[in-house]
Number of protein chains: 2
Amino acid sequence: MEYIEIYKCLCERTRLRILNLLRDGPLCVCHLHEILGEAQPNVSKQLAYLRDRGAVESERHNTWIMYRLPGRRHPILEKNLRCLQDVAREDGVFRRDLAHRAAVVRRIARTREGCPEEVAGGKCC
Amino acid sequence: MEYIEIYKCLCERTRLRILNLLRDGPLCVCHLHEILGEAQPNVSKQLAYLRDRGAVESERHNTWIMYRLPGRRHPILEKNLRCLQDVAREDGVFRRDLAHRAAVVRRIARTREGCPEEVAGGKCC
DNA sequence: GAGGAATATTCCGGAAATGGAATATATCGA
DNA sequence: TCGATATATTCCATTTCCGGAATATTCCTC
């Protein structure tokens with residue numbers, strides 16, 4: 001009954017917000033921290049929680065650590081991520097997060113700050 | 001972010017088993033208790049948990065209380081109930097529960113025990 | 001190797017959830 | 001009214017989780 005762990009990933013506000021943000025592409029901790037407005041240790045802890053259960057993957061680039069949705073996902077996770085997409089259209093928090101994310105990404109592209117490899121590769125932020 | 005409460009309903013073993021069983025139709029507490037092999041107070045508590053969050057409905061018939069999936073369900077609950085249907089085909093616990101349920105239903109039909117209104121109406125067990 | 005930035009971990013207190021055991025409530029029938 | 005059955009609630013101990021604060025770690029640059 002490993003899907004229980006997936007539902008545990010989904011039943012907390014910050015974790016849901018993180019997953020919603022990662023649907024649009026990888027992000028590093030500091031940008032998640034900025035977008036969510038949550039304390040950095042909390043963001044790290046929730047990311048660790050998600051990673052321990054296979055709901056996200058991480059990769060280090062210098063001092064940054066990028067988090068992304070895993071390539072191969074459990075069907076239940078996959079289905080609920082799609083749900084999240086629908087929900088995000090109507091939910092104020094999710095929409096605000098995504099708009100905030102887009103603004104951060106634009107700023108990164110403009111100022112060339114942070115996560116250089118990822119920005120160059122077009123994969124991140 | 002009310003869907004968080006839905007995911008909380010889904011992130012516990014006994015609750016998932018209950019929802020899986022109710023997909024096939026209503027059941028009273030004592031039959032859930034029998035099928036699950038869980039202590040009756042635990043079954044009652046998990047049912048209360050689900051009811052408080054709108055994931056199940058209950059209706060009294062004499063001394064029995066029937067639990068069923070609500071007619072109108074939150075889209076996320078609905079989608080995950082469908083997932084459960086797929087999962088149940090492969091998961092040993094879920095399959096065993098459903099087989100156990102079928103056996104109990106046959107026995108009820110044969111012995112005419114319990115939930116008389118529901119059995120008569122063909123709605124239960 | 002010292003300092004700084006990014007991230008993770010630990011420690012703490014409070015809240016919530018879990019399961020077991022005992023008890024309470026409700027309904028029915030004699 | 002009493003007893004039996006079905007169900008719910010309470011109490012208790014344990015665990016898990018959550019957020020905040022402080023601290024530790026890692027990596028880079030100078």
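Lettering of chains follows the sequences in order, A, B, ..., and the numbering in each one begins at 1.
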Would you list the protein and nucleotides 28-30 of chain D atom pairs, both N or O, that sit under 3.5 Å from each other?
from	atom 1	to	atom 2	distance (Å)
D:dC28	OP1	A:Asn62	OD1	3.2

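- Side chain of A:Arg96 to main chain of A:Leu98: no donor-acceptor pair is present (N/O by atom type, distance under 3.5 Å, no hydrogens or angles).
- A donor-acceptor contact shorter than 3.5 Å is absent between the side chain of B:Arg60 and the backbone of B:Ile65.
- Between the P atom of D:dA6 and the NE2 atom of B:His31 lies a distance of 8 Å, rounded to the nearest Å.
- B:Arg101 contributes a side-chain N or O that, together with a main-chain N or O of B:Gly25, makes up a donor-acceptor pair within less than 3.5 Å.
- Both A:Asn42 and B:Leu47 lie close to DNA chain D; mapped to their nearest nucleotides by heavy-atom distance, the more 5′-ward contact belongs to B:Leu47.
- Nucleotide D:dT7 holds its P atom 13 Å from the CG atom of B:Leu36, rounded to whole Å.
- Using modelled atom types, no side-chain atom of B:His33 and backbone atom of B:Ala39 make a donor-acceptor pair closer than 3.5 Å.
- Projected onto DNA chain C by closest heavy-atom contact, B:Lys8 and B:Arg60 fall at different nucleotides, the more 5' of which corresponds to B:Lys8.
- Taking the side chain as every heavy atom from C-beta outward, B:Leu16 and B:Phe94 approach each other to under 4.5 Å.
- Of all nucleotides in DNA chain C, those with any atom nearer than 4.0 Å to a heavy atom of chain B start and finish, going 5' to 3', at C:dA17 to C:dC28.
- Less than 4.0 Å separates DNA chain D from no heavy atom of any residue of residues 9-16 of chain B.
- For residues 4-33 of chain B, the salt bridge (charged side-chain N to carboxylate O under 4.0 Å, His left out) pairs, not counting sequence neighbours, are B:Glu5-B:Lys8, B:Glu5-B:Arg53, B:Arg17-B:Asp97.
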Do any N or O atoms of the protein come closer than 3.5 Å to N or O atoms of nucleotides 11-14 of chain D, and which pairs are they?
none

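- In terms of heavy atoms, B:Arg95 sits closest to B:Ala88 at CG-O, 2.8 Å.
- Between the CD atom of B:Glu34 and the P atom of D:dT5 there is a distance of 15 Å, rounded to whole Å.
- Using a 4.5 Å heavy-atom threshold, the side chains of A:Tyr7 and A:Ile76 count as touching.
- Partners of A:Glu90 according to the side-chain hydrogen bond (donor to acceptor under 3.5 Å, both in side chains) rule, which considers only residues two or more places apart in sequence or in another chain, do not exist here.
- The shortest distance between side-chain heavy atoms of B:Asn20 and B:Val93 does not fall below 4.5 Å.
- Nucleotide D:dA8 holds its P atom 13 Å from the CD atom of B:Gln46, rounded to whole Å.
- If you measure from atom CD1 of B:Ile35 to atom P of D:dA6, you get 14 Å, rounded to the nearest angstrom.
- Side chain of B:Arg73 to backbone of B:Pro70: a donor-acceptor contact under 3.5 angstrom is found.
- A donor-acceptor contact shorter than 3.5 Å is absent between the side chain of B:Arg68 and the backbone of B:Glu59.
- For the pair B:Arg110 and B:Arg107, the minimum side-chain heavy-atom distance is below 4.5 Å.
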